[in-house]
Amino acid sequence: MDKYYIKFDEEEPKYVQVANHIKKLIHIKKIAEGEKLPSIRDLSKILNVNTVTIVNAYSKLEHEGVAVRKIGSGTYVKEREANRNLLKEYSSIYKKINGGTLKGYIDFTGEATCSKFFPVENFKKILNKVLDRDGAEAFTYQDSLGYDGLRKSINKYFWKNKLNSDNILIVSGAQQGIDIAAKAIININDNVLVEKPTYGGALNVFKSRRANILEVDMLEDGADINRLKKILKKNKVKCFYVMSYFQNPTGSTYSIEKKKEILNLAEEYDFYIIEDDYLSELIYDDNIEYRSFKSLDIYDRVIYIKSFSKIFLPGIRIGYLLPPIKFSESMQNSKVNTDITTSSLMQRALDLYINEGYWIKHIRFLNEAYKNRYLVMEKCINDILSAKVDFHSPGGGLSFYLKIKDKINISSIELFNKCKRNKVIITPGGLFYKNSIEGEKHFRLGFSVTDKDEIENGIKIINKLLQ
């Protein structure tokens, strides 16, 4: 029974800490699936708390789909196999929808811009201009850093020539950028800090490096600073992966004050910040000011990653990475070892697209188009779902993150399955947590590929399924 012992933190309700501790024991397999948990009276004695605390903890586990109460027998850890299969099924469904093989579904899984918003005609003109201008040279390998013209354009148009273009590394999207950064700075058993919840692709990269993954809860204005400080005092952290604007999946945006405080902590505790600048072009709330961690960094602590795929043409797979000077060479080597170079033709085309003014016009168009969808989804959630879910409006981006109220006895995996049968696809929250159990009351609704009528119809279906 020693495994159940907890050293309580005074800042958090004890029943929440008990529930979280049991979930952790399940995750690290110290409690098996189907195992009976201690009786309420026994566990209250072990932890020296009143029985009400244990009753509330077990109720929380039951509401989250982690445990099941059997009358006259006790409380048991819920079997997880069905949930794992559903997560695999989600991946399969997601691939089919993106491959166009599933028609007639209302798709709330979209993370990139809608295909009907792709600037195909303008990009076709640009491609022809590049081919006329450069001929066969457009298909040759570039410098390992990337096409010199594109790096200079990034410096000029996005950073007002404040950077050294030689320190800009062109990569094949944000995922590769995260992988390159991880390979350059993370060793086996290094401690990597991530937001909770966070982007599943980043979690996979850090797991592949066999790093120890630590988590800090997300609030509406970014990571919980008090919790972050406690983690840093107890652990030597190598890096902190953050999504500074419209974090995936929560939609949270870091306040400028919090960014400065985290940068100061990075210097004090000697760790680096991997900043994934995700969808910051899509700001709908005038109160949100754009200033990246990188732009505020006076310590050279930020590894900045930006992808053009989400908001432009997903198929071109282009982004860029700005490393601290200390890691410039190691990250360039990491890129070369990964794939030598990114498509020369696409780099040249994107460079010309930016220089001829198409980029800024496209972003303005997307802001107007997606702000309308954003407002429709916000209104539908408020009008139709607000009695059954909690959420906050992100003020930008392409999705909303919702939490099913405790009184609704259904997990997001179960909701996903019911929605699928009704030709609606959502993203269950378990995909965004190191321990998927913790996301079982959350789900994400994206509006990037759904029109206004589909948004309303889909949310009405979800409302019925949450009865």
Side-chain angles (χ1 to χ4, degrees), residues 64-65 83 86-95 97-98 105-114 174 194-204 215 217-220 243 245-253 276 278-279 282 284 310-311 370 373-378 380-382 384-386 388-405 408 410-420 422 424-450 454-456 458-459 461-463 465-466:
E64 293 178 357
N83 283 356
L86 283 172
L87 286 172
K88 292 177 182 177
E89 186 179 355
Y90 167 81
S91 299
S92 174
I93 291 289
Y94 183 76
K95 289 174 183 176
I97 286 179
N98 281 276
Y105 281 75
I106 297 175
D107 179 12
F108 286 133
T109 67
E111 294 181 69
T113 53
C114 180
V194 300
E195 300 158 333
K196 178 183 174 183
T198 191
Y199 168 51
L203 284 176
N204 291 336
E215 298 174 301
D217 290 319
M218 284 296 289
L219 306 177
E220 290 185 16
M243 304 182 81
Y245 283 83
F246 316 122
Q247 192 255 7
N248 185 13
T250 66
S252 297
T253 291
D276 187 349
Y278 175 74
L279 298 181
L282 301 179
Y284 316 131
K310 296 291 186 189
I311 53 172
Y370 280 125
R373 291 187 182 189
Y374 168 87
L375 293 173
V376 169
M377 180 168 275
E378 181 184 47
C380 286
I381 296 172
N382 274 317
I384 301 169
L385 283 182
S386 60
K388 298 170 184 175
V389 301
D390 295 313
F391 79 106
H392 86 275
S393 298
L398 293 173
S399 63
F400 287 79
Y401 196 55
L402 294 79
K403 181 181 184 294
I404 303 167
K405 289 182 183 288
I408 310 294
I410 186 174
S411 72
S412 62
I413 293 289
E414 292 168 323
L415 179 62
F416 160 75
N417 202 33
K418 289 185 177 183
C419 283
K420 180 174 65 69
N422 286 270
V424 175
I425 305 296
I426 64 171
T427 303
L431 295 175
F432 304 106
Y433 290 81
K434 183 177 72 170
N435 178 2
S436 63
I437 291 172
E438 297 186 71
E440 286 200 336
K441 296 297 282 187
H442 294 82
F443 63 100
R444 189 186 65 192
L445 295 181
F447 51 85
S448 68
V449 296
T450 50
E454 287 179 323
I455 289 171
E456 184 173 359
I459 288 177
I461 291 171
I462 293 170
N463 179 55
L465 299 176
L466 285 173

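The backbone N or O of Thr198 lies less than 3.5 Å from no partner atom in the side chain of Glu195, so there is not a single donor-acceptor pair. Looking only at distances, a side-chain donor or acceptor of Tyr370 sits under 3.5 Å from a matching main-chain atom of Ser448. Remark: the backbone N or O of Asn463 is paired with a side-chain donor or acceptor of Lys388 at under 3.5 angstrom. For the pair Tyr284 (side chain) and Gly397 (backbone), a donor-acceptor distance under 3.5 Å is present. Under a 3.5 Å cut-off, the side chain of Lys441 and the backbone N or O of Ile408 do form a donor-acceptor pair.
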Practice item. Verify side chain to side chain contact (heavy atoms under 4.5 Å, CB included) between Tyr374 and Ser393, making sure each step is shown before the conclusion. Key: CA-CA 9 Å; Tyr374 168 87; Ser393 298; 3.4 Å; yes
Check your understanding: How far apart are the C-alpha atoms of Val424 and Phe108, what are their side-chain angles, what is the distance that settles it, and do they pass the side chain to side chain contact (heavy atoms under 4.5 Å, CB included) test?
Key -> CA-CA 7 Å; Val424 175; Phe108 286 133; 3.8 Å; yes
Exercise for review: Take Asn248 and Arg444, measure what side chain to side chain contact (heavy atoms under 4.5 Å, CB included) needs, and give me the verdict at the end.
Suggested key: CA-CA 9 Å; Asn248 185 13; Arg444 189 186 65 192; 2.6 Å; yes
Exercise for review: Assess whether side chain to side chain contact (heavy atoms under 4.5 Å, CB included) is satisfied between Leu465 and Ile410, documenting all intermediate values.
Suggested key: CA-CA 10 Å; Leu465 299 176; Ile410 186 174; 5.9 Å; no
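When all heavy atoms of Ala174 and Asp276 are compared, the closest pair comes out as CB-OD1, 4.1 Å. Of all heavy-atom pairs between Ser399 and Gly446, the closest is CB-CA, 3.7 Å. Shown here for Ile413 and Pro428, the closest heavy-atom pair between the two residues is CD1-CB, 3.8 Å. Here the closest non-hydrogen pair linking Tyr401 and Pro197 is OH-CG, 3.9 Å. Counting all heavy atoms, side chain and backbone alike, Phe246 lies closest to Thr253 at N-OG1, 3.2 Å. Here the shortest heavy-atom pairing between Ile462 and Cys419 reads CG1-SG, 3.9 Å.
For Phe443, there are no ring-ring contact (aromatic ring centres under 6.0 Å, His included) partners at least two apart in sequence or on another chain. Listed by chain and residue number, nothing satisfies the ring-ring contact (aromatic ring centres under 6.0 Å, His included) test with Phe447 (two or more places apart in sequence, or in another chain).
Atoms CD1 and CG, from Ile459 and Asn382 in turn, are 10.0 Å apart once rounded to the nearest 0.5 Å. Distance check, rounded to the nearest 0.5 Å: NE2 of His442 to OG1 of Thr427 gives 14.0 Å. Once rounded to the nearest 0.5 Å, the distance linking OH of Tyr433 with NZ of Lys196 reads 7.5 Å. To the nearest 0.5 Å, atoms CG (Asn422) and CG (Asn417) are separated by 10.5 Å. Separating the NE2 atom in His392 from the CD atom in Glu378 is a distance of 10.5 Å, to the nearest 0.5 Å. Atoms CD1 and OG1, on Ile106 and Thr450 in that order, are 8.5 Å from each other to the nearest 0.5 Å.
Heavy-atom neighbours of Lys418 NZ from other residues, nucleotides or ligands within 6.0 Å: at or below the threshold of 12.
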